Every structure is written in structure tokens, then in C-alpha cells.
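To start, the structure under review is shown below, and the notes come after it.
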Amino acid sequence: MRDLVVHYDTPLGAVKATDAVSFSLGAGERLGIAGESGSGKTTMALAILRLIKPPGRIAAGEIWLQDVDLMALSPEAMRQVRLARIALIPQGSMNSLNPVTRIKEQILDALRDHDVRISRRQGQERVRELLESVGLRPEVADMFPHELSGGMKQRVCIAIAISLRPRVIIADEPTSALDVVVQKQVMETLAKVQQDLRAAVILIGHDMGLMAQFVDRLGVMYAGKLVEISPVRDIFTGPLHPYTRMLIASLPSFEEKGTFRGIPGLLPLLRDLPPGCAFHPRCPHAFDRCQRDEPRPREIQPGSWASCHLL
Amino acid sequence: MAHAAWRYARRNLSLVVGIVLLGLLALFVGIGHLVVDTSKSRPLSAPAIRPPSADHPFGTDRQGRDLLATMVAGTPLTLRIGFIAGFLGVGVGSILGFVSAYYRGAVDSVIRGIVDIGLTVPGLLVLIIIAVSLRKGLTVDQMALIVASLAWLNPARTVRAQVLSMRERGYVEVARLSGMSGPEIIVKELMPNLLPYLAATLVNAVSAAILASIGLEVLGLGPIDSPTLGMTLYWVNFNAALINGWWWWWLAPIVIILVVFLGLFFLTVGLDEIANPRLRRAI
Amino acid sequence: MRVDYLARRCGVFVLIVWIAATLNFFLPRLSGQDPVRTKLLQQAQLGGYVHSGIDAMVKDYDRRFGLDRPLWQQYLSYLRDAARLDFNYSIANYPRKVNELIAEAVPWTIGLLGTTTLLSFGLGTFLGALLAWPGAPRWMRYLMPPLWALHAIPFFLLGLVLIYLLAFQIQLMPMFGGYSAGAFPGLNVTFVWDVIRHAILPAMSIVLVATGGWALAMRGMMVTTQGEDYVTFAEAKGLRSLTIFVRYCLRNAILPQTTALALALGNILSGAVLVEVIFGYPGIGTVLFHAIRENDHFLIQGIVFTVIVALGLATLILDAIYPLLDPRINYRRT
Amino acid sequence: MTPLLEARRVTKIFGGGLFERASVLALENFSLAVDAERPLITAVVGESGSGKTTLARLLLGLTAPTRGDVLYQGRDLQSMSRADWRAFRRDVQVIFQDPYEVYNPFYRVDHVLTTPVAKFHLAPSRAGARALIEDVLRAVGLRPEETLGRFPHQLSGGQRQRVMVARALLLKPRLILADEPVSMVDASLRATILGSLRSINAERGISIVYITHDLATAYQISDRIIVLYRGAVAEAGDVELVVKQPRHPYTQLLLSSIPRASAERTWLTERTGASVGRQDGESAGCRFAVRCPSAMSRCREAPPPLFQTDRHRVVACYLHADAPAQPIEAP
């Protein structure tokens, strides 16, 4: 992804949901995108699949899948890329599945619309195989979404996502609505299927602990900008950007008790961002240059990028 | 203030259209009462079957009524039936809706049962049974009461649904924990959010009441000797004005009824827009 | 689980039937004196053109609903008659029974009402769905305002306008009645074509108005459905837009639409009665209109009871169909 | 000394009425005592469906217990007079979970603050009321001029939740019950709100019952902790003991399932067991038996009582049957 800019037209003028976001993803790599609400992380995910609906629109930027620029594809060609090459695991909310159709139909209709010619019997077989690979009993195929628990619904979504053996799986807060025990089971299932497919995963979320334990490389977004992206070990041993450092410090840990180091100030409103670096009103190290010009992302150490005037 | 009103008007066009239509109607009736001698709406006060002319701008009907006078006198009567029945219906309906949604329990299931069954039964037929039984010289107000007897069903259903959804909201519990009593919560917390819905339901009820009253009158069950719009249509049908080509006789009431229903309809749509505007919050 | 859902729906239906009979019995007696008796006695004393049957009817009426009998006994015998769909003789057209008159009129009303309701519901739902579909042709957007305006007008009003324009001015369609005066009913092509020609205007006045309503409601539902998470996920699955439109949006938006149909039956019927009166269409509406004019109480009560029961049945059928559309129904308590 | 608020063997069953077929056991045999003299922060931790929200509504008197009773200074909530209820409302205040649901969209946010001041006559004059409100807003780290006069949708989730904490402070309560106060707030603001709750307890001596699904924040803020599993107490006691040396298999499972925000990779195991379907069946014995790795036959017969394994900890698990069993009473 190079310099992606997504605008939302509101009565108060165009709002930049993502501003010049760039990153690269290796085959089979697990990349995490962490950020708080309004940071633009979900917008970026939907932009990759070109699912941004009005009043949002992709204003600029390129998204390359190996040698294909997704921005240049026709709507029909883009449709065929979805699920076949880039699959989405939706937010853990409870109605990502069609409430009035059985699970097996929701798997098979994806295969049919991607012109997978299989007989009814092969279809049943493929459904059973997919459900088993995500740890679900074959009977689930004939059940309706309201008969499944939260964890089971997410496993069905994973099964759908891997049904066409995609190269990239985008998981947008896949377990945010699940309890911690079920979350672990679902994430372990995702890890297993990813390894079997050798697919790359982009995990989007706000739970830094989940990021620390799952992804290889982690990007942090703030107010629509990618403020830092580095190998996950480096981020947790030596965070570069002040926001990353304060975010990690504010996380409740089991080591020292009673330490509450929140980040002062308020999350910025996207429609009237502070000039220069968007984080400067809350940054303890801000100096005059921070209020004037916006920092550009630079490679501070090999493989670690951050955009901050301090570095 | 005017500027804000103008800017809002542009966004909520249907409200404006509704107000303009009803305003025109009010003007027509208001000026009419000043200019026209409404006593001419009684039979034998004008030569029969005259097409529109200088001294009878709307023409006359077979019983010798001046149609302009009939319209000027009749429209407020029909509207009066609509408003009385509408207000009564929404008044009774919203109280029952409130009580059953807020206090739940047996009261709720009884009211819900009556409303659900009541709405499946065709209202007009029940009104016919009532009207037929009382058929001895109905007055306009009796007509309004008959129509009101069923007009409360729909408001009760909509208000109950609204209050049920609001009652579960967190701010009702916070109000209770802040020391507010039950009735206080209804007035201070629920009522303000309910007003736009109530207004839309009221306009709907008035519109439905007018339709029901005209329906009864066309069937001949209305106040026989009053010049309401419905009764005019009854005489149109009774005297087969259509086949005899007396077009002016039915054109006037139809145009006015159209204006009434279109005005009320756009008003409802406008009020719905206020109750739940599509664009809730900017980013 | 589904059995007790249906059992409850049948219970509601029986309740509606009982209410219809009770309304018919008690409402007329509200004003103290029994209007049916006074009408009968008035007819009897009129003499002159009164046919002999009236005295027989008065005696028969007194036998069953005589003043000496306590009210509840009268009520019970009324219920028994209602259960057997026997509503006595028609006062105005003695010796014909009320049931016969109703039986003659019902097919006409079912024909008119049935076709127009299904037509307007189907057309309106389809049109509404299309209006909400981004892939729909542009010109359809201009269909909205007229649909809006038409939706506000009562059926019979449009009927009057149509008669004047299409029947009186241009003489394109017959103006009145269910079939031409001279034609004798029979299952031959000319008569059937004659009936259809007569039914066009009344049907148009219902369909043009009702279609707008259903289109509006469906468009609203489709817009909401398109915002749902499962539609976004369907798009992310790379499904064809037609599959998403039919199997995800339409399939879910049709549920509230069907419930709305069940609720609207009552109003549709009330409107249709007036249309029949305006067009002199030989259905239940016209028979009711004449019955009111001639104070034929037995006929009025017969028609009201039959119609309420018929609607109760229609609602029951819709309720029985609903669980087939929405699998959650037999899972969740209604 | 009679506790300020006490739940004694409280059980709550929903449904089972005329229409509903299945009755749901939301909370079973739960006891807790909050004593005003020693203002502690008690955390109640449990997954969804563990009965923690039902507990909150029981303690606030918003629902009545099916068995057992909730006492305010020794008096049963269900039979208290109007005067008692007014005192109860002053003494026990609440912070709800959803910052979007607790504000009436019709009014500015001030309404949530001015109502309790008026209803409980907390200030002699308007100026007095204004000063009191500005004071509590500053106490939670909000600038009054940036907050008052605004409509709810003009404030962020974090700001709105802090206004609710301020609202609770207004009445100078002796107990604040916080039902998932920070679960819908962003991480960076979460610590600030938890910090203000901690300082309220320390500086103003207000006991706090903190209900959450997040064991980490519970550890950070509370002195003692109760772990709930499907309506029953699994383990309870001093927070250091329970978190650092968990005894109940469920507590251990909870702790091992939380992904730690650190560089070491300990979380992902190769084991991906099949998903345990929706457990609807009510097992007679211990609720956790069906998922418990060390379940014994005894576990399926009768629900385990609370065994007192340490001075400040009890565990409802037969693995510790050697410890003295205790009538179900919190430490």
C-alpha cells in the first residue's frame, strides 16, 4: 500500500479518515495494525478490498497485490479478487452471517459466485472439510446463525474466508466481542489455517496484548496516520514513537500493581486536526517544530519506521 | 431565527409542502366565510344543476345548494370531525400505550391483545355497525365520537412500541438513581423524545379519522343534512352525477379532499424526519 | 416448537370470530331498544307494498330473540346461528336468505380484492426493492414522487377521477357494474372478457394507490438491510451483486413487509368496499351499501361477520407462512 | 458493625413463568459484604453470562432476588420505606457501561449533573450547585468550560464516562458500583478513569465494587476479587493471592488465556481443540466440570462448597477438598 488517502464527505467538509498510509506485507507474514477508535484502521482494511461506500471515497494511493494494482481493476475484476485472493474475517459482531440462510448455503454461494464448478455432493464434502478445519462439527452446516455461539460464528467466518485458499486474510477485530477464553481458541484456529495456507494475515484491532502474542510486525495508527511500524519484539522492547510508548505504558499489566499512566488530553476529532503532528497536544516531548510541520515517516532502524521529529 | 428556519426548511421539504397545502386550505375556508353566505349551502337556496358561473363560481347541485357555499361550510366540519377524533384517539391511545409499555405486566398483555386484534378487524365495518344502530339524526360531533371509538388503536400501538424501546435505555435508569419518581421520568425523560413521534402519530390519526368519516358519509351513514365533504360525495353518487356529466358537482369536493390528504401526508413525512433524522451525527 | 406457535395463532383466530359475533349482537343493542325489532315492526305496519313474508319473519324473530327471553339466551342462540353461518332472511329481499346474497357477492370481491392486493403487493415490493438497488436504471428514481403522491389518496377518490377521465370522457372502459346489462353470466369467453373490462377501472384505482405504499415501505426496508453487517461481509465474499440483492437484502427485507401486509388487510378491505360502491361493482361492498340504504339489519350483520372472519383467516394463513420465511420464529418465543 | 451493603446467599432465576419454558439460573448462592469503615475496592470478574450484570442490578435494588436478600445497613431492600430508599440512593451510586446509552439526547450533559443536585438538595444556591459540579468535574480530570453546555454527541466516549464518574461523586456516596465502566473506552483513557476511581477510594474513602470481564484491570485497581463462572463463585479472596497463585482451574484458564502485552511469546499453543459447542445442559455438579481439564466424577455429582485454602482466599473446587469447607460466606 502506497500513500492511501480516504476522504469522508460530511456537511462540514471532507474529512481525511486515512492520510498517506504506506506499508508492505510479505508472503505468509502476520502484520498487525493497532489503533484506537477513529484512528482509521478499519477504513484502511475496507479500502484494500475497495468496499468504501459513500460518503467515503478513496481519494489517492495505490494498493498492489503482487504485480496487480487493485485500484486499476474493473469492479468485476475486483469482485473476483475478493475472497479468492484477499479474504476478510469480519468484526466479531454477532450478525456478520445472513440470519435467514443455513451455514452451508453461505459457504457454497461464495464458491458458486467464484465460478467453482462442483456437484452438490462435492459441495457438501467441501463444506464438511472446511468446517472440520476450523474445529466445527459437520452438523453445523445445516444450522442457522442464531443457533450458534459467538465463537462458533467466528469459526464459520474463518471457514468462509479460507474456502478459496486466499493469499491474504484481513481480520478486522475478529475477536473483539468474544470472551478471552473463546478468543484464544479462535485465534489459535486462525493461526493453524494460516500456516496450512501459507497466507499473509493483516490483524486489525486495539488489543495490544493480542498483537504482541500473534503478529510478526506491528503498525500503530493515530488520527488516520501510520505513526510507527516495526517488528513486534522491537516495539515492545523499545517503542520509537511517543504515542506507542505511552500506549504500551497505559496497558494494565500483571507485574506492577496500581500504576495508572493514562495519556492526557482527548482523542483528536478528524474534522479539525491540530496543525503539524496530530499528537503534539498530548505529547510530553512536543516542541515548536511539532506544531508547524507534519513529520514524514523515516526508517529509524532497519525495518523500523516512525514519523516523529524527535527521532 | 428566520435564516435557520429557511435552512432547515430546505432540508425538510415535505414538511414545507404539507404546511403550504394546509395553509391554502385554511385561507380558502377563512376568506370563504367572509365573502360567501354559507347559508346558501342549504338545499333550495339556488337554482339546481347550474355549471360554474359568475354568481355560482362552483356551480350548484340538484337539490339547489350553492357548491361554493357548501365547500366553505362543509370543509371545516369534515376537518372538525378529523381533529376531534384524531385528538381523542391519540390522547386515549398514547395514555394506554404509555401505561402498558411502562408498567408492563397483565395490563400490557390485555392492551396489546385488544390492539393487535382490533387492528386486524376492518375499522369501517365496525363503524358501520355502530352508525346503523344509532341511525336517528347524527350530528357532526356524534360522528366524530363514533370514528374516535376506533381511532385510538393505532396510536396505542405506535406509542407503546416507542416507549418500550425508550424504557430500556440507560438514561431512564440513571434518572431513577438520581432520585426522579416514575411520573417525573415519564414527563421529563421520555416525553421530550416522544413529542416528534406523537406529532406524527396525531397527524396520521387525523388523516385516518377523516378518511373513516368520509367513508361512512359516502355510504349514507353521515349527518344527513350537514354539508360535509363526505355527504356531498354521497349526493354525487346518489344522483349519479358522474353519468349525467355534472362534473363540477364532484370536482370541488374531490380537489379539496385531495389537498387535505396530501397536506396531512407530507406533514407526517416531515414530522417523521424530525423524529429520527437519517444523518444522526457527523464524524 | 412450531406447533404451539400455530396453536396460539388459531386461538387468536377463534377469538376474532367470537368478537365479530359479539360486536354484531351487542352493538345494535347499545341504544336500549333492539333496532332489528323496531325495523321489522315498522315494515310490518307499513302495509301497502310490504310482502307477506314480513309477518312470518316477525314471529320467527320473536321466537328466537323475544323480549321475554333473557339477554344471554338471545346471545347464545345468536352465537349458534353465527356458528352455522345462518343469518336469517334478508329483510329487504325476502325470501332470499342472507347467506345466498353473500355467497353471490363474495366471488366478485375476492376476485377484485384478491388480484389487486397480490398485484399491488408484488409490484410494489419488487419496485421498492429495485428503487433501493444501486444497479437499478436511473429513470426509476423519478417514479418516486408520483408514487408518493398517489399513496396519500384514498382508493375511491382515484376511482371517481378514473371514471370521469377514462369512462365518461373517452368511453374507453365501462363505467359501471360488474358486467354489461344484457349479458347473461356463463363461462364463455365473451362474458369473461366483459367481466374483465368492467373490473379494470376498479382494479386500477386500488393498485395505483396501494403499489406506492408497498414500494415506499420496501425501499425503506431495503436501505436499512443494505447497511447490515451481513451484507458488507457478503460483498467482502465477492458475491455477485444480484446474489447479494436477492439472497441477502430482499430475503431479509421481505419479512417486515409480510407482517405489514397482515396488518394492512383491514384497511385495504375498508377501501375496497368504497371502491365497489363508487363503481357499483357487484361485490360485498355494494350489497352492504344497499343493505344500509334499506336498513336490512340481518344482511348487514351477515356481511360484517363474514368479512371479519375472512380477514381473520387471511391473517392466520399469513401467520402460518411467516415461520417458513424466518427460521428464527420457531426458535424465539413470539 | 453492620455492613453498608450486603448480599446474603442471593440467588436469581429469570423466566420459568407461565409463558417462558426454560428458566435461567443467573446467579446462585452469592454473598458479599461491603463495610463502610474499611473502604476497599472489590472486583467481580466473569465472562459474559457469568451473572455479573445481574449482580449489579440486584445490589442497586433494580431487580429483586429469587432467594436470599440484599441488605442496606441491615434493612432488606425489598421492604424499605421511601425515606430509606432516598438515603440508599445517596449512599450507593452507579457508573454504567455504555457511555452512549446513559445520556438523554434531548438534554445537554449538564442535565445528568444538575438533576441529582436538585433532587437531593446538595447545594443551597445555584452558584453553590455550579461550584459543586465544577469541583467534581475537575476531580475526574475534566475542564468544566470544555464539558458543560455541550450535548452528549459532542463529547467523546471517554469524556462522557468521566462525567458519569463525576456524577457519582456529587452525592458523596459511601459506595460506587461500577459495572464495566471502561470496557467501551479507548485504552489510553482507560488508565485515567481507573486512576481517578483509585484516588476517589483512597482520598474520599468511598468503597467501590468494580464489575468487569477484564482480569488485568481488576488486578490493577482492586484489593479483593471474586471470580464468577456461570452464576456461581469459583474463587474469591485477596487479589495478589488469587491472581499470582490461582487455585481454581477456571481462574488458571482465564489467566492463561489473556495475551500479555510483552515481548515474550507464551500465549499461542499448538493445541487447537475443537470448539466446545453451546453448553445448554445444566450439569448437576460443578458448572465448570464439562470444560475442566482435571474434572473428577465427584465434580459431576454436587456443586463444590467454598473451601478456605488460605486466610484470605476461598476456592469452590474439590481439588482442595482437604481445606475446611465453609458455608458460602465471602472472606
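Since we're looking at a predicted model, the values are computed, not measured. Lettering follows sequence order; numbering is per chain, from 1.
Counting heavy atoms from C-beta on, the side chains of D:Q220 and A:S253 come closer than 4.5 Å. Between D:L268 and A:F214 there is a side-chain heavy-atom pair separated by less than 4.5 Å. Within the 4.5 Å cutoff, the side chain of A:L251 has no heavy atoms near those of the D:R190 side chain.
With a 4.5 angstrom heavy-atom cutoff, D:E240 touches chain A only via side-chain atoms. For D:L255, the part lying under 4.5 angstrom from a heavy atom of chain A is the side chain only. For D:T266, the parts lying under 4.5 angstrom from a heavy atom of chain A are both the backbone and the side chain. A:E132 does not touch chain D: none of its heavy atoms, backbone or side chain, sits under 4.5 Å away. At a 4.5 Å heavy-atom cutoff, the contact between A:D207 and chain D is made by side-chain atoms alone. Proximity to chain A is limited to the side chain of D:R198, based on heavy atoms less than 4.5 angstrom apart.
When all heavy atoms of D:A261 and A:A212 are compared, the closest pair comes out as CA-CB, 3.9 Å. Across all their heavy atoms, D:R265 and A:V232 have their closest contact at NH2-CG1, 3.5 Å. The two atoms that bring D:I221 and A:K257 nearest to each other are C-NZ, 4.3 Å, heavy atoms only. Minimum heavy-atom separation, D:L189 to A:I263: CD2-O, 4.4 Å.
Annotation: maximal heavy-atom pairing with chain D below 4.5 Å, among A:G262, A:G209, A:S250, A:A249, occurs at A:G209. When D:K244, D:E146, D:Q159, D:H213 are compared by the number of non-hydrogen pairs under 4.5 Å with chain A, D:Q159 comes out ahead. Between chain D and the residues A:V182, A:V140, A:I235, A:V180, the most heavy-atom pairs under 4.5 angstrom are made by A:V180. Each of D:S48, D:P259, D:A191 has some count of heavy-atom pairs under 4.5 Å with chain A, and the biggest count is that of D:P259.
Listed for the D:D186 side chain is a donor-acceptor partner under 3.5 Å among the backbone atoms of A:S37. Of the possible donor and acceptor atoms, one in the side chain of A:E36 sits under 3.5 Å from a partner among the backbone N and O of D:S188. A distance-only check finds a donor-acceptor pair linking the side chain of A:Q213 to the backbone of D:W267 [under 3.5 Å].
If you take CD1 on D:I258 and CG on A:L210, they are separated by 12.0 Å, rounding to the nearest 0.5 Å.
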Go through the steps to decide whether D:S257 and A:Q183 satisfy the test side-chain hydrogen bond (donor to acceptor under 3.5 Å, both in side chains), and finish with yes or no.
CA-CA 8 Å; D:S257 301; A:Q183 162 176 280; over 6 Å; no
